[in-house]
Amino acid sequence: MEYTKPRSESVVEMVELVLPNDVNLLNNLKGGRLMHWIDIAAALTASKHSNRIVATVSMDTLDFKHPVKLGEMVKLRAELISVGKTSMNIKVTVWAENLQTGNRIMTNEASLVFVALDENERPTRVPRLSD
C-alpha cells in the first residue's frame, strides 16, 4: 500500500517584517528578497510532506500584484497543490499588513516545484495526497 499524507499536515506559514535592508530606493520590498522568503516557505512545505531534504526545480510563476512597503508585516502561506512520483507542486500566497492601520492586502502568488532527495542526493518517492 502506498503511503499518503493529508495536505493540511504540510502547510507552512511564515511571517517577516520588512526592514530597511529589505527595500529598494522606492522603499518597496526587493523582489529578490521576496523570492528568497517564498523559496524558504515552499521548501519547508515540501520537506514536511516528504520528510526529506528537497531541491527547488522551478519557480513556475511569481505574480507581483501590489508593492510591499518598508515597515509592513509580510505573511507567506505555502501549501501543496499536487504531488508526482518524486516532485511536489507548491503554491505560496503572500499578504502584506500595515501594522499602523491594520490594512491587509494580497501582494503576490507563486507556484514552485520541488523534488525530494534520498541519502545519495537522487530523486526519491514522496507520499501521495490523501485528501
Side-chain angles (χ1 to χ4, degrees):
M1 185 163 113
E2 218 170 2
Y3 180 55
T4 63
K5 284 176 90 171
R7 184 182 324 267
S8 60
E9 281 189 20
S10 302
V11 171
V12 168
E13 291 186 344
M14 271 177 44
V15 176
E16 299 284 346
L17 176 63
V18 180
L19 298 170
N21 197 43
D22 301 324
V23 299
N24 60 26
L25 295 174
L26 299 172
N27 279 335
N28 294 332
L29 177 63
K30 295 175 193 168
R33 180 68 55 136
L34 179 62
M35 289 173 70
H36 174 79
W37 292 342
I38 288 170
D39 189 52
I40 290 171
L44 289 169
T45 292
S47 286
K48 282 182 73 172
H49 181 71
S50 65
N51 296 115
R52 295 286 186 166
I53 292 173
V54 298
T56 309
V57 173
S58 66
M59 183 177 285
D60 294 334
T61 62
L62 174 54
D63 298 323
F64 291 88
K65 300 174 183 290
H66 190 274
V68 180
K69 293 299 205 179
L70 175 66
E72 290 186 328
M73 180 176 70
V74 176
K75 183 175 184 179
L76 301 96
R77 179 182 168 86
E79 59 187 314
L80 281 163
I81 300 303
S82 62
V83 299
K85 190 165 82 170
T86 63
S87 64
M88 295 155 282
N89 186 350
I90 297 163
K91 177 182 178 182
V92 180
T93 307
V94 182
W95 295 81
E97 181 174 340
N98 181 308
L99 296 172
Q100 295 172 337
T101 66
N103 289 340
R104 278 184 75 212
I105 188 165
M106 200 248 292
T107 61
N108 303 83
E109 288 182 304
S111 175
L112 300 90
V113 176
F114 283 79
V115 66
L117 302 175
D118 66 13
E119 301 77 21
N120 299 311
E121 299 181 8
R122 300 275 187 222
T124 189
R125 292 188 77 82
V126 299
R128 310 304 299 159
L129 289 175
S130 63
D131 47 309

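- Of the possible polar contacts, one joining the Asp22 side chain to the Leu19 backbone as a donor-acceptor pair under 3.5 Å is found.
- Leu76 CG to Ile40 CD1: the interatomic distance, rounded to the nearest 0.5 Å, is 9.5 Å.
- A donor-acceptor pair under 3.5 Å links the side-chain atoms of Asn24 to the main chain of Leu26, judged by distance alone.
- Annotation: side chain to side chain contact (heavy atoms under 4.5 Å, CB included) contacts of Met106 (sequence neighbours excluded): Lys65, Thr93, Trp95, Glu109.
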Exercise. Walk me through it: do Val94 and Phe64 pass the test side-chain contact (heavy atoms from CB on, under 4.5 Å)?
Key: CA-CA 10 Å; Val94 182; Phe64 291 88; over 6 Å; no
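- Thr86 places no side-chain N or O within 3.5 Å of a backbone atom of Thr124 that could act as its donor or acceptor partner.
- Not a single donor-acceptor pair under 3.5 Å links the side chain of Lys5 to the backbone N or O of Ser50.
- Residue Ser111 forms a side-chain hydrogen bond (donor to acceptor under 3.5 Å, both in side chains) with just one option from Thr61, Asp63, Asn89, and that option is Asn89.
- Under the side chain to side chain contact (heavy atoms under 4.5 Å, CB included) criterion, Glu72 pairs with Val68, Lys69, Ala96, Asn98, sequence neighbours left out.
- With sequence neighbours excluded, the residues forming a salt bridge (Lys or Arg N to Asp or Glu O under 4.0 Å) with Arg7 are Asp131, listed by chain and number.
- The neighbour count for Lys85 NZ, taken as heavy atoms of other residues, nucleotides or ligands under 6.0 Å away, does not exceed 12.
- Hydrophobic clustering places Leu129 together with Leu112 (ILVMFWY residues linked when any side-chain heavy atoms are closer than 4.5 Å, directly or through intermediates).
- More than 12 heavy-atom neighbours from other residues, nucleotides or ligands sit within 6.0 angstrom of NZ on Lys48.
- A distance of 11.0 Å separates OG1 in Thr107 from CG in Asn28, rounded to the nearest 0.5 Å.
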